[in-house]
Amino acid sequence: RPGKVVVLYGARRTGKTTLVQEFLKEVQEEPRLVVSGEDIAVHDFLASRSIEKLRAFVGSSRLLVIDEAQRIADIGLNLKLIVDHIEGVRVIATGSSSFDLARNIGEPLTGRKYTLRLYPLAQLEIGVNENSAQTSANLESRLIYGSYPEIVLMIDNRRREQYLQEIVASYLYKDVLELDGVRHSAKIGRLLQLIAFQIGREVSYAELAANLGMSKNTAERYLDLLEKAFVVVRLQGF
């Protein structure tokens, strides 16, 4: 809607950019500006806090799409200036690190945004293209390798393993381990291993902390960061 920002969160490689591109095909007649937060050339405008600079940047576009928005400093405040002072503009912002994007966008855009979360493929989505026998045959592989879109399309488990290792090396450590205050980076991987061994059981922060040689509060904080980076999902007691 005009005057609103749609914030699209999700883990890397789940299809955020593809989803936005599919949406843009439906509004081809609308003047739009599509930029990436990883493009340093746009930072001068989108981090400026200058209404005139932002107005000049948006120009006649009625739809502004910012991919990897968390890379831009003060993006929340600048988006607030855009929707408040440029009439009729609609904004879509995507990001793969919810803790970065939430910190930068959350408070300034209170009442001005809709938040969507994109997860890997659900079985209901995959089931459109396979029968029950195929679903049963693929169950074990899905439980092991997950349902990233590219993983689902692969037929070789060795390739799936290499793909997931690349995601861990390129994205997980980039998103989580570079955070200020994360001092025990080597223990993040060990923490994830311990969590994987306990899937389906109650998890004790004190037990995890003892096994890792860190305080209970540190273990809890690391798990919170991993959850905000879409690596794990916390299920409370029922």
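Everything quoted here is computed from the prediction, not taken from an experiment.
In this structure, the side chains of Leu77 and Arg49 come closer than 4.5 Å at one or more pairs of heavy atoms. At least one side-chain heavy atom of Ile86 sits less than 4.5 Å from a side-chain heavy atom of Val89. Side-chain contact between Leu33 and Val65 is absent, with no heavy-atom pair separated by less than 4.5 Å. Ile92 is not listed as a side-chain neighbour of Leu64, based on a closest heavy-atom distance of 4.5 Å or more. Contact of the Phe230 side chain with the Arg12 side chain is not registered, since no non-hydrogen atoms from C-beta on lie closer than 4.5 Å. Using a 4.5 Å heavy-atom threshold, the side chains of Ile188 and Leu225 count as separate. In this structure, the side chains of Tyr148 and Leu164 come closer than 4.5 Å at one or more pairs of heavy atoms. With a 4.5 Å cut-off on side-chain heavy atoms, Arg1 and Tyr114 count as touching.
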Chi angles and distances behind the side chain to side chain donor-acceptor pair (under 3.5 Å) call for Ser215, Thr218: CA-CA 5 Å; Ser215 72; Thr218 299; 2.8 Å; yes
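A donor-acceptor distance shorter than 3.5 angstrom exists from the side chain of Ser136 to the backbone of Ser132, with no hydrogens or angles considered. No side-chain donor-acceptor contact under 3.5 Å links His43 to the backbone of Ala73. Checking side-chain atoms of Asn138 against main-chain N and O of Gln134 turns up a donor-acceptor pair under 3.5 Å. Listed for the Asn78 side chain is a donor-acceptor partner under 3.5 Å among the backbone atoms of Leu46. Judged by distance alone, the side chain of Lys4 and the main-chain N or O of Gly111 form a donor-acceptor pair under 3.5 Å. Under the 3.5 Å distance criterion, the side-chain polar atoms of Arg55 are matched with a main-chain donor or acceptor of His85.
The existence of a salt bridge linking Arg90 and Glu30 is confirmed by a sub-4.0 Å separation between a basic side-chain nitrogen and an acidic carboxylate oxygen. The pair Asp84-Arg112 meets the salt-bridge criterion, with a side-chain N (NZ, NE, NH1 or NH2) lying under 4.0 Å from an Asp/Glu carboxylate O.
Heavy atoms of other residues, nucleotides or ligands lying less than 6.0 angstrom from CG of Leu143 number more than 12.
Checking Glu150 against Tyr163 by side-chain atom types alone, a donor-acceptor pair falls below 3.5 Å. For the residue pair Gln28/Glu26, the side-chain donor-acceptor check at 3.5 Å is not satisfied. No side-chain N or O of Ser36 forms a donor-acceptor pair with one of Asp67 less than 3.5 Å apart. For the residue pair Gln123/Glu130, the side-chain donor-acceptor check at 3.5 Å is satisfied.
Remark: Ser50 engages no residue in a side-chain hydrogen bond (donor to acceptor under 3.5 Å, both in side chains) (not counting sequence neighbours). Annotation: salt bridge (charged side-chain N to carboxylate O under 4.0 Å, His left out) contacts of Lys53 (sequence neighbours excluded): Asp44.
Atom NZ of Lys80 sits about 12.0 Å away from atom CG of Leu54, to the nearest 0.5 Å. Annotation: the span from Leu192 atom CG to Leu226 atom CG amounts to 5.0 Å, rounded to 0.5 Å. Distance check, rounded to the nearest 0.5 Å: NZ of Lys216 to CZ of Arg221 gives 15.0 Å. Summarising the geometry, atom CZ belonging to Arg62 is positioned 14.0 Å from atom CD belonging to Glu29; distances are rounded to the nearest 0.5 Å.
Closest approach of Arg160 to Ile151, counting heavy atoms only: NE-O, 3.1 Å. Of all heavy-atom pairs spanning Asn157 and Ser141, the tightest one is OD1-OG, 3.8 Å. The shortest non-hydrogen separation linking Ala219 to Leu191 is O-CD2, 4.4 Å.
Under the 4.5 Å side-chain contact rule for hydrophobic residues, Ile51 and Ile72 share a cluster. Side-chain heavy atoms closer than 4.5 Å link hydrophobic residues (I, L, V, M, F, W, Y) into clusters, and following such links, even through other members, never connects Tyr119 to Val20.
Cluster note: Ile40 groups with no other residue, as no ILVMFWY side-chain heavy atom lies under 4.5 Å from it. Through direct or indirect side-chain contacts shorter than 4.5 Å among Ile, Leu, Val, Met, Phe, Trp and Tyr, Leu121 is connected to Ile126, Val152.
Residue pairs satisfying the ring-ring contact (aromatic ring centres under 6.0 Å, His included) criterion with at least one member in residues 46-78, sequence neighbours excluded, are listed as follows: Phe45-Phe57.
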With a cut-off of 3.5 Å and sequence neighbours excluded, list every side-chain donor-acceptor pair involving residues 195-207.
| residue | atom | partner | partner atom | Å |
| --- | --- | --- | --- | --- |
| Ser204 | OG | Ala206 | N | 3.4 |
| Ser204 | OG | Glu207 | N | 3.1 |
| Tyr205 | OH | Arg234 | NH1 | 2.5 |

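In summary, of the residues considered (Leu116, Val7, Val6, Leu8), a side-chain contact (heavy atoms from CB on, under 4.5 Å) with Thr94 occurs for Leu8 alone.
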